[in-house]
Amino acid sequence: MAPPQPKAAAKPAAAPAGGVKKTKVGRPRNYDLGNGVVRFSKTKMFHKKAKYKFVGKKNPKAEKPKKPTVVVKQIGGEKNGGTRTVLLRRRRSFYPTQDKIRQRPHHKTFSKHVRRIRPNLTPGAVCILLAGRHAGKRVVLVGVLPSGLLLVTGPFAFNACPLRRIPQRFVIGTSTKIDLGDFKLPAHLDDAYFKKNKKSVKRSVKRKQGEDIFVTKKEKYVPSEQRKTDQKLVDEAVIKAIGKRADKKTLRGYLRAAFGLRSSQYPHRLRF
Amino acid sequence: MPFARYVEPGRVALVADGALKGKLVSVVDVIDQTRALVDGPGSGVQRQQIRLNQLHLTKFRLKYPFTAPTRVVRKAWTDAKLNEKWAESQWAQKLANKEKRAQMTDYDRFKLSSARVKRNRARTAVFKSLKVKAARAGTFGKKKVPKTPAKKPRTKKPATKKPAKK
């Protein structure tokens with residue numbers, strides 16, 4: 001009979017969906033941080049799981065009836081005891097002589113770290129540089145690179161600070177924001193682009209190249225054409241955004257002026 | 001000089017320290033040498049005891065008998081228009097200015113300093129021209145005066161454009 005069968009099948013399926021609550025699926029709260037380190041220590045988990053509630057308590061386990069692992073079989077024949085105990089499951093056929101080499105959890109390399117940028121450091125924010133040769137200048141934040149470094153620009157015409165990377169530690173973010181609109185950083189402005197081309201200046205290398213090892217030549221940094229065009233492109237957008245503001249004149253002066261502290265001014269008491 | 005302000009019933013004080021810092025209270029009763037019972041129905045302060053070294057006495061005094069209940073204090077407070085009078089006082093205005101200064105952002109500080117530069121330039125220019133005039137008239141300085149008039153001041157506006165925040 002075809003019709004009654006599906007009905008019977010549907011009934012038990014519908015019941016759990018409607019009235020019966022879902023069974024909670026437990027997931028461990030602890031997790032691996034890498035390098036074989038877990039987020040919460042044994043003690044912490046002891047508290048988290050409230051295991052102290054169960055210390056000293058005995059909860060007698062209902063003993064499960066043991067499943068037989070062997071079966072006694074009758075066998076025919078003479079002079080053989082008449083029975084044999086036979087394992088229900090076969091023994092393993094392979095026993096390793098050596099422990100397996102386990103793969104250790106990966107080292108989290110620096111490049112994989114999660115970058116957390118202070119929330120006030122958004123593109124368009126005016127920042128005060130605290131370190132480096134441009135320390136004290138007020139610059140505009142253009143973006144954040146995957147390495148976690150901030151990308152800032154003077155703009156160059158204002159305070160001679162070029163497109164430059166700087167760690168957020170060395171920056172004070174101010175509340176002044178320039179609306180950059182839908183300006184997007186060119187994709188090629190990445191960390192590799194700003195990486196300095198360090199040439200070896202070891203003496204042995206110099207000797208091999210036949211240079212005079214005693215002459216210390218100072219190489220002057222000359223920005224490439226590519227850098228110049230990129231600088232122009234980014235600065236243009238920033239300057240344009242500044243020009244749209246009502247207080248553009250003061251803002252320009254602001255970016256031109258250097259930051260400094262006077263007497264009885266303490267940076268931790270100031271608002272920026 | 002004798003003291004002019006006493007810890008006495010009705011005396012209005014500014015709380016200088018603690019959780020109620022910056023609020024006005026009125027003394028209702030003096031508990032002992034170090035503490036007083038205060039109430040601040042007009043400033044959102046519950047009736048409570050407070051240490052006297054947390055109070056800065058103001059020149060205001062409300063009129064009510066000591067240990068007056070809060071409703072009496074409230075009436076005296078509103079009748080005396082204490083909140084308005086306090087806001088007008090120099091003390092309160094100084095406090096307000098201090099707060100304003102503390103709230104200034106980096107950009108605000110820059111704007112203030114550039115405004116001051118402007119003002120000072122204008123002031124110096126005017127002062128110098130007055131000085132030259134006085135010297136010519138012989139009422140100031142030595143008689144040696146160059147024939148050529150003093151340089152024109154560099155600023156555009158003559159004087160007295162004070163920034164709002166000062």
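So that the names make sense, note that chain A is the first sequence line, chain B the second, and so on, each numbered from 1. These numbers come from the heavy atoms of this one structure, side chains and all, not from hydrogens, waters or symmetry mates. Keep in mind it's a predicted model, so treat the numbers as computed, not measured.
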_Using heavy-atom distances under 4.5 Å, tell me whether A:I172 contacts chain B through its side chain, its backbone, both, or neither._
neither
_Does the plane of the ring in A:Y266 sit parallel, tilted or perpendicular to the ring in A:H268? Use 30° and 60° as the thresholds._
tilted
*Charged N to carboxylate O under 4.0 angstrom, A:K244 versus A:D179?*
no
*Should the ring pair A:H47 and A:Y52 be called parallel, tilted or perpendicular, given that the plane angle runs from 0 to 90° and is split at 30 and 60?*
tilted
*By a 4.5 Å heavy-atom criterion (distance strictly below it), what part of A:T176 contacts chain B: side chain, backbone, both, or neither?*
side chain
*Answer yes or no: is there a donor N or O on one side and an acceptor on the other, between the side chain of A:R39 and the main chain of A:L33, under 3.5 Å?*
no
*Tell me, out of A:T174, A:V126, A:L270, who's got the most heavy-atom pairs with chain B below 4.5 Å.*
A:L270
